[in-house]
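Here is the structure we will look at, set down as structure tokens.
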Amino acid sequence: MLKGIGSSGGYGIGKAVIIRDCTLDYKSVKYTTADDEKSRLRSAVERFEQETRSLVEDLKENAGEKEAEILEGHLMMLQDPFMLSQMEEGIDAGSVAEAAVDSVCTMFIDMFSSVDDELTRQRASDVKDIKNSLLEILLGVEKTDISSVAKNSILIAKDFTPSMTSRINAKNVCAIVTEVGGVTSHSAILARAMGIPAVMSVVGATEVIADGEELIVDGFKGKIITNPTSNELALYKQKYNDFLQEKESLNEYFGKATVTKSGVVKKVYGNIGRPEDVQNVLQSSGEGIGLFRTEFLFMDRDRCPTEDEQFEAYSTVARAMGDKEVIIRTLDIGGDKAIEYLKIEREENPFLGHRAIRYCLDNTELYKTQLKAILRAGQFGDIKIMLPLVTTLDEVRRAKALIDECCDELEQQGKRYKKAPLGVMIETPSAALISDLLAKEVEFFSIGTNDLTGYIMAVDRGNANVSSLYDVFQPSVLRAIEMTIKNAKAAGITVGMCGEAAAHADLIPKLVEWGLDEFSVSPSSILQTRKYICSCK
Ligand code: PEP
Ligand code: MG
């Protein structure tokens, strides 16, 4: 049996599919002759062209015109004789085919990315795709196609990037297992959003589990049983059926108002990371979006999304939610959320460093692009803006001034927008301690217990050695939560919670007693949370 951190509840019984990191390291490739290297290069280019052409046809048939155009662009670039002749010159000078591809493509990537024009910069990521595909072909790296794995597959990987996760077909994948991360890591958040059981931080999972091996994954207890006996299989099939029944029984809470036994009305919202997660929230009868983690839009790509791209994402969410509230959290990067292309300096203590609102207030061009996109999307629904990792009043005031500046600029540019109410996350001890003062500056609070617990207990939320201290039930954390709710109530502003603890069966009665208004949880926990709240006094 293997142990890890249960990060998305549920049971998966199926066969392992190992997703290996494809290393594109060619240091051990030996140079033979220039003719050999050139012929390896030419066959790689031919295979790339064939594969790309057939992908283009597939995409066209399946209505992915835009993606098809991008791939056709790749073909055209590689057909440019200059690119190929440069590679052959590299080979003549003694480089193996891989090194020639690498250096010529890198030269183009650097050249395109240094240009101001957005379209030209996009070509840098096209060349990066070409480079990776050619290196994969030359090195014979076989990639597993995540989107087309068989039914009842259990995906095992070091970690899942957001783009890997978006290719997961939840109908065929019955569980995921990773070697890193925990309850609050981005893969766990996405797994819960899709309702897929997950166990994280399983040391050496991709090595000790064999491809095709039969497995049982227990996403509640963080257990993986390899090659289960018939008794274990029978036991877990029973557990799985009970779990499905329990889930089924929650359907009676679908579309119901969230009201306590004494008649107090509460709201249960969903947390999302991508526009497409909205469907999971609606299908789980979420009454709004309490946290849109916008950093996911910035991950797994080569450059920041433009104002229009972000506008598209935020307005898609707003439109889908209609008159329901949508709380968009501005970029929360740094700490455990790295974005390579932003080139954030390496820090000794990233969790205490230049992250989230601190980074954004020092990079106003990037921040204003996001704020403008949110303000423009405001026309299409009930959008609110939320600031992450606030520690001082000054940060809130500076953010407000930037929002005003954005409104003025949008006005001048003749772009339509709607000013959105502003709120802050209470996820640092400082914010909790000055919550009476912050309440005078903003229109709502949302308590982020994932970070708040870590910062109050001085414990890294991803460090297994100190995980017993990462406990929202510690009196210090409970006091901070109670105090924040009381200060919000005293100021007459609404207060929600969007950390994982909002779905905790034992915490919910206390939160109801203290007067929390809104509980924002993973889509898969919405109905269960409503049930818990409805059973409170
Ligand atoms: C939190 O800290 O509780 C929170 C919701 O934000 P994140 O998990 O994205 O840091
Ligand atoms: Mg946080």
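Note that ligands are numbered from 1 as they come in the structure, with each ligand's atoms numbered from 1 the same way.
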Inset, instruction - Would you mind reporting whether I508 and C536 have side-chain heavy atoms less than 4.5 Å apart? - result: yes
Inset, instruction - Answer yes when R329 and E295 have at least one side-chain N-carboxylate O distance shorter than 4.0 Å, and no when they do not. - result: yes
Inset, instruction - Just jot down the ligand 1 atoms closer than 4.0 angstrom to any heavy atom of L291, in number order. - result: 5 (C)
Legend entry - Any donor-acceptor N or O pair under 3.5 Å, side chains R397, T392: no
Legend entry - Six-ring centre of F380, R319 cation under 6.0 angstrom, axis tolerance 45°: yes
Inset, instruction - Taking atom types as modelled, find out whether S201 and E179 have a side-chain donor-acceptor pair closer than 3.5 angstrom. - result: no
Inset, instruction - Look at atom 2 (O) of ligand 1 and find which of E295, M386, E427 reaches it with the closest heavy atom. - result: E427
Inset, instruction - If a pair satisfies side-chain hydrogen bond (donor to acceptor under 3.5 Å, both in side chains) and one of its residues is in residues 380-390, list it, with sequence neighbours excluded. - result: E325-K384, D382-K384
Inset, instruction - With atom 4 (C) of ligand 1 as the reference point, say which of M425, M497, E500 has the nearest heavy atom. - result: M425
Inset, instruction - Would you mind listing which atoms of ligand 1 come within a distance below 4.0 Å of any non-hydrogen atom of C498? - result: 5 (C)
Inset, instruction - Going by heavy-atom distance to atom 10 (O) of ligand 1, choose the closest among L389, N450, D451. - result: D451
Legend entry - Test of proximity, G448 against ligand 1: N or O pairs below 3.5 Å: yes
Inset, instruction - Say whether R355, considering both its backbone and side-chain N or O atoms, lies within less than 3.5 Å of an N or O atom on ligand 1. - result: no
Legend entry - Pairwise ring pair (Phe, Tyr, Trp, His ring centres under 6.0 Å) hits with a residue in residues 471-491, at least two apart: F473-H504
Inset, instruction - Could you walk me through whether V396 and V442 pass side chain to side chain contact (heavy atoms under 4.5 Å, CB included), step by step? - result: CA-CA 8 Å; V396 178; V442 294; 3.8 Å; yes
Inset, instruction - Could you please give the number of protein N/O/S atoms within less than 2.8 Å of the Mg ion (ligand 2)? - result: 2
Inset, instruction - Name all pairs fulfilling the side-chain hydrogen bond (donor to acceptor under 3.5 Å, both in side chains) condition that reach into residues 370-380, sequence neighbours left out, sorted by first residue then second. - result: T294-Q370, E307-R376, D308-R376, Y314-Q370, K372-E409, Q379-R416
